[in-house]
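Quick notes on the structure that follows.
Computed over heavy atoms, backbone and side chain alike; hydrogens, waters and symmetry mates excluded. Per chain, numbering begins at 1; letters A, B, ... match sequence-line order.
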Amino acid sequence: MTKLMEWLLGLSLIGILWSIVTFDLLDLRISDQYLQVAWPLPIYLLVTFGCYSLAVVGYRVATFNDCEAAAKELQEQIQDAKRDLQKKGLHF
Amino acid sequence: MASQKMKTPKDSDKYSVLLPTYNERENLPLIVWLLVKYFSESGNKYEIIIIDDGSPDGTQDIAEHLQKIYGSDIIMDTILSASLLLGTAYIHGMQHASGNFIIIMDADLSHHPKFIPQFIRKQKESGYDIVSGTRYSGIGGVYGWDLRRKLISRGANFITQVLLRPGTSDLTGSFRLYKKEVLQKLIEKCVSKGYVFQMEMIVRAKQLGYSVGEVPISFVDRVYGESKLGGNEIVSFLKGLMTLFATT
């Protein structure tokens, strides 16, 4: 099963459950209290997921390592390499 | 006895490093020097295969000169492919490869050979089919990226993780070690270009049930030359992501 199919399956399952509760398709006589919560649930979920995504990406951007030491080490090694290669007869 | 084994690895594993180049006359001698340095220190058997895509800047002359200095550990291959398919370069290079492991990396010094011994250790640890360098976990990271670049990179990675759940943290990186037969099989199956090619390789690898280990790496963006990430790259990345989403 492709990822696309997995997503469609998951979303339709949620959609069906939501419709059953919101439109009371199975005549479950769900109390108004629960209905009030149920019908805007997809929007809540969407907003929650959006906030979660922003938080995660923001945190990861903020904590993305800046490899200053690696860059410095590389520069030093480049100088060593150039000296050594010139000794071996390679001219840049 | 144990310590003796540590000093002289007697294993028969050989590592073929594939370096696709285009106009890398500045960087090529430096990356080769570093490769030779770290392989000599680790004592693993190796060879370096330079696959030049018809560079007009004299990269090939430099490569021939390096062959004279370092001898038969360095193999030169020239292709003239207008196809821009990285896979083509790898297929070419692999025809010359005598190692049972293939290491692919960029020749522009953004991937440091000091990580290769760690890749090898990681591979031996659990017999991984693939070991991938990762900029996104542990002590991994980048140098020379501004906020915009970091945001795009992290954002794209997050979307990919959500949609594809690949089980590896760095999908677009191209610093990896493969078992030779695994790489051969994957290249047959992968058709994407650019960034997406690396992503497709790792996603399809997971799909085929290959094991992937990860080693955190520091990615130092191009020292010489320009690094590119424009609107075109982003659009083609998203197209590739959607293709993988619908087909894997």
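With a 4.5 angstrom heavy-atom cutoff, A:Met1 touches chain B only via backbone atoms. When heavy atoms are compared at a cutoff of 4.5 Å, B:Lys68 does not approach chain A at all. Both the backbone and the side chain of B:Ser218 have a heavy atom closer than 4.5 Å to some heavy atom of chain A.
Under the 3.5 Å distance criterion, with hydrogens and angles disregarded, a donor-acceptor pair is assigned to the side chains of B:Asp106 and B:Ser174.
At distances below 3.5 Å, not a single donor-acceptor pair connects side-chain atoms of A:Asp66 with backbone N or O atoms of A:Glu68. For the pair B:Gln123 (side chain) and B:Ile130 (backbone), a donor-acceptor distance under 3.5 Å is absent.
Contacts from residues 163-172 of chain B to chain A, taken as heavy-atom pairs separated by less than 4.5 Å, involve B:Leu163, B:Leu164, B:Arg165 in sequence order. The interface of residues 35-65 of chain A with chain B, defined by heavy-atom distances below 4.5 Å, comprises A:Phe49, A:Tyr52, A:Ser53, A:Val56, A:Val57, A:Arg60, A:Val61, A:Phe64, A:Asn65.
Contact count versus chain A (heavy atoms, under 4.5 Å) is highest, among B:His65, B:His112, B:Arg135, for B:His65. Options B:Ile159, B:Ile62, B:Val32, B:Val142 differ in how many heavy-atom pairs under 4.5 Å they form with chain A, and the most are formed by B:Val142.
Each of B:Trp33, B:Phe119, B:Tyr46 was checked for a ring-ring contact (aromatic ring centres under 6.0 Å, His included) with B:Phe39, and the lone residue meeting it is B:Tyr46. For the side-chain hydrogen bond (donor to acceptor under 3.5 Å, both in side chains) test with B:Ser132, the passing option among B:Lys122, B:Glu214, B:Arg176 is B:Arg176; the others fail.
In this structure, A:Thr2 OG1 and B:Gln207 CD are separated by 9.5 Å, a value rounded to the nearest 0.5 Å. To the nearest 0.5 Å, atom CG of residue B:Leu28 and atom OG of residue B:Ser55 are 9.0 Å apart. With rounding to the nearest 0.5 angstrom, the CG atom of B:Asp52 is 7.5 Å from the CG atom of B:Asp57.
Minimum interatomic distance between B:Leu66 and B:Pro29 (heavy atoms only, all atoms of both residues): CD1-CA, 3.8 Å.
Within a 6.0 Å radius of CD in B:Glu41, other residues, nucleotides and ligands contribute more than 12 heavy atoms. With a 6.0 Å radius and a threshold of 12 heavy atoms from other residues, nucleotides or ligands, B:Asn232 has its CG atom at or below the threshold. By the 6.0 Å contact criterion, NZ on B:Lys185 is open, its count of non-hydrogen atoms from other residues, nucleotides or ligands being 12 or less.
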